[in-house]
Peer 1: 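The structure that follows is given in the form of structure tokens.
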Amino acid sequence: MACTADSDLGNAYPIAPRPDSPASSRGTFEWLCTLGLGKSGTDAERRAANALAKRLQDQGRATRIEPVYVHPQWPAVHLIHCVLAIAGSLIAAELPPLGFALVLVAATSLYLDLDGRAYLLRRLLFRRASQNVISPPLPAPSDAADTEPAPTVFLCAHYDAPLTGLAYGERALTAFGLLGRIWPPRTSPQAIIFWAIVLLLPALGLRLAGVDATWVSLLQLPSTLVLIAAAFALGEIGLSPPSPAANDNAAGVAAAILAAERLETEPPRGLEVRLLLCGAGETTRQGLREFIRRHRDSLDRDRSWFIDIDSPGRGEPRYVELEVPVLARRPDAGLIELAQALAENPELGLEPLRLGPAGGAAMAGARGYRAVALTGRPETEFVPPFHHTLLDREATVDAVAIDRVAEVAVDLVRLLDRDLGRDAGSGPAGR
């Protein structure tokens, strides 16, 4: 679905005039909106990957498309976990061992799934083909076997379109914001589902021990109700159309490409920079997960960094301090220190986002890599305006905001390059 303009939305959310120069993201962003981004695992996503690769090749960049296989039906996956846990909660009244076992399986599977470590219940659903676009390509394993891999920064962005649904509407976001004010631990919607399942286990454990009292049922009730509500929400999301995907994530792809172009004009001295545009990003970042799995033998954890750009098209540039796929996951401390150093420059307008949706940085971090996420927000909200809605259109995105996030990514790479040069005893590198 293409990112269509809407003058009413543009008037309601005024944006700065777009730059029109070779050094801006405007051309790439508008081209992506005209092209349209598809759902994970669809022909539309495949066409977008082919078009991106061709555009990069036409610009003189060595580019390769790597096919991957993913399970893109994430609403159905989470729905299965919810239904299994609900069934376990109900069955436990008559068959406590079976009920406890069902809930335990649901909790274990969901934790491993959200953290990207392993897929259990997700494997019940069919696989689909997706693609990662890499520029320049990584060396083949046989070519890199006898050489030490160079320090490499991956500028990442996913290019698939997210699903919409009532769960992303204003009322749902207001309720989530209220929960954040009354519940001190920082959390996320998927983490709420996980903990609702986990909190069933103590009550079911009491039933296993022979305690069959009314108050045990009352302990089960809140979690069961949360899971029932989540099941309905997930079912509705699964039946909803994709968003136009202007900010999430045509803007992110445009920012990553622009950052790579700027770094090509003055390459870092001690770093290789690679552009990594991932498919299946809206399905718990499976494209990035499969990329790391495929290349784990050649990706040195001490010499590989991931900068993930997502939804940069409104407000101030921000680096994400905390993501919560299941448990709270902080980005690499070294990259955060560099981002904090950049934030001291008032011209960049860079600020921290204390809590953001789990994305590519969290997935790379779960695999032991150094990663940080960059985004944009007009306020310090969990998600940007029009997130996963049909209003995420070209008219609501500010190309100047995209350029500013790309500039932060460039400066972050240059600071990292400088620090690596100092560690190697060769003095400052980069600028």
Side-chain angles (χ1 to χ4, degrees), residues 74 114-116 155-158 160 162 167-168 172-181 183-194 243 245-249 251-253 255-256 278 281-285 288-289 305-333 335-340 342-343 348-366 369-389 392 397 401-402 404-406 408-409 412:
W74 73 265
L114 293 174
D115 209 43
L155 297 174
C156 308
H158 74 87
D160 56 313
Y168 304 108
L173 294 178
T174 300
F176 183 74
L178 177 62
L179 175 65
R181 288 190 289 273
W183 179 254
R186 297 177 184 176
T187 189
S188 63
Q190 65 267 24
I192 291 173
I193 295 174
F194 169 75
S243 89
N247 189 27
D248 183 13
N249 196 33
V253 173
C278 296
E282 290 293 344
T283 64
T284 58
R285 295 302 190 265
L288 180 57
R289 176 182 183 270
W305 294 263
F306 291 82
I307 298 176
D308 184 58
I309 303 177
D310 200 331
S311 305
R314 284 207 59 85
E316 302 299 320
R318 300 182 188 273
Y319 60 93
V320 181
E321 289 188 326
L322 189 70
E323 297 175 277
V324 188
V326 186
L327 303 176
R329 186 174 299 283
R330 298 188 180 277
D332 176 66
L335 289 175
I336 284 294
E337 287 181 7
L338 296 181
Q340 291 170 342
L342 289 176
L348 284 178
L350 180 63
E351 299 180 17
L353 180 66
R354 304 201 181 281
L355 177 64
M363 180 59 69
Y369 291 93
R370 304 175 183 185
V372 70
L374 300 180
T375 186
R377 295 286 191 279
E379 302 290 343
T380 56
E381 297 296 329
F382 180 69
V383 295
F386 314 128
H387 179 72
H388 290 204
T389 72
D392 186 11
V397 174
I402 300 174
R404 294 176 68 191
V405 172
V408 170
L412 198 58

Peer 1: On a heavy-atom basis, which atom in N247 and which in R314 lie closest, and how many Å separate them?
Peer 2: OD1-N, 4.3 Å

Peer 1: Taking the side chain as everything from C-beta on, heavy atoms only, tell me whether P162 gets closer than 4.5 Å to W74.
Peer 2: no

Peer 1: side-chain hydrogen bond (donor to acceptor under 3.5 Å, both in side chains) with D115: which residues, sequence neighbours excluded?
Peer 2: R117, R329

Peer 1: State, with a plain yes or no, whether a side-chain heavy atom of P357 is found less than 4.5 Å away from one of V383.
Peer 2: yes

Peer 1: Once rounded to the nearest 0.5 Å, what's the spacing between atom OG of S243 and atom CD of E282?
Peer 2: 7.5 Å

Peer 1: For A256 versus A157, what's the shortest heavy-atom pair and its separation?
Peer 2: CB-CB, 4.2 Å

Peer 1: Is any side-chain heavy atom of R404 closer than 4.5 Å to one of V408?
Peer 2: no

Peer 1: Distance from Q340 atom CD to E351 atom CD, nearest 0.5 Å?
Peer 2: 13.0 Å

Peer 1: I'd like to know if the side chain of E321 and the backbone of P352 have a donor-acceptor N/O pair within less than 3.5 Å.
Peer 2: no

Peer 1: Yes or no on side-chain contact (heavy atoms from CB on, under 4.5 Å) for R318 and V405, after CA distance, side-chain angles and deciding distance?
Peer 2: CA-CA 8 Å; R318 300 182 188 273; V405 172; over 6 Å; no

Peer 1: Return the CG to OG distance between L374 and S311, rounded to the nearest 0.5 Å.
Peer 2: 12.0 Å

Peer 1: Mind checking the CD1-CZ spacing from I307 to R370? Nearest 0.5 Å is all I need.
Peer 2: 13.0 Å

Peer 1: State which residues pass side-chain hydrogen bond (donor to acceptor under 3.5 Å, both in side chains) with D308; sequence neighbours excluded, sorted by chain then number.
Peer 2: none

Peer 1: Taking P317 as the fixed residue, which of I402, L348, L353, L350 is the one that meets the side-chain contact (heavy atoms from CB on, under 4.5 Å) rule?
Peer 2: L350

Peer 1: Looking at every non-hydrogen atom in both residues, tell me the closest pair between P331 and V320 and how far apart they are.
Peer 2: CG-O, 3.3 Å

Peer 1: Indicate the atoms forming the closest heavy-atom contact of L342 with L412, along with that distance.
Peer 2: CD1-N, 3.7 Å

Peer 1: How many angstroms lie between CG in D310 and NE2 in H387, if you round to the nearest 0.5 Å?
Peer 2: 8.0 Å

Peer 1: Can you tell me how far the CZ atom of F382 sits from the OG1 atom of T187, to the nearest 0.5 Å?
Peer 2: 8.0 Å

Peer 1: Might you point out which heavy atoms bring D332 and L335 nearest each other, and give the distance in Å?
Peer 2: OD2-N, 3.0 Å

Peer 1: Does Q190 reach the side chain of V324, with side-chain heavy atoms less than 4.5 Å apart?
Peer 2: no

Peer 1: Compare every heavy atom of L114 with every heavy atom of T284, then report the nearest pair and how far apart it is.
Peer 2: CG2-CD2, 4.3 Å

Peer 1: Between R354 and R186, is there a donor-acceptor pair closer than 3.5 Å when you use the side chain of the first and the backbone of the second?
Peer 2: no

Peer 1: Quick one: list whatever passes side-chain hydrogen bond (donor to acceptor under 3.5 Å, both in side chains) with T375, sequence neighbours left out.
Peer 2: R377

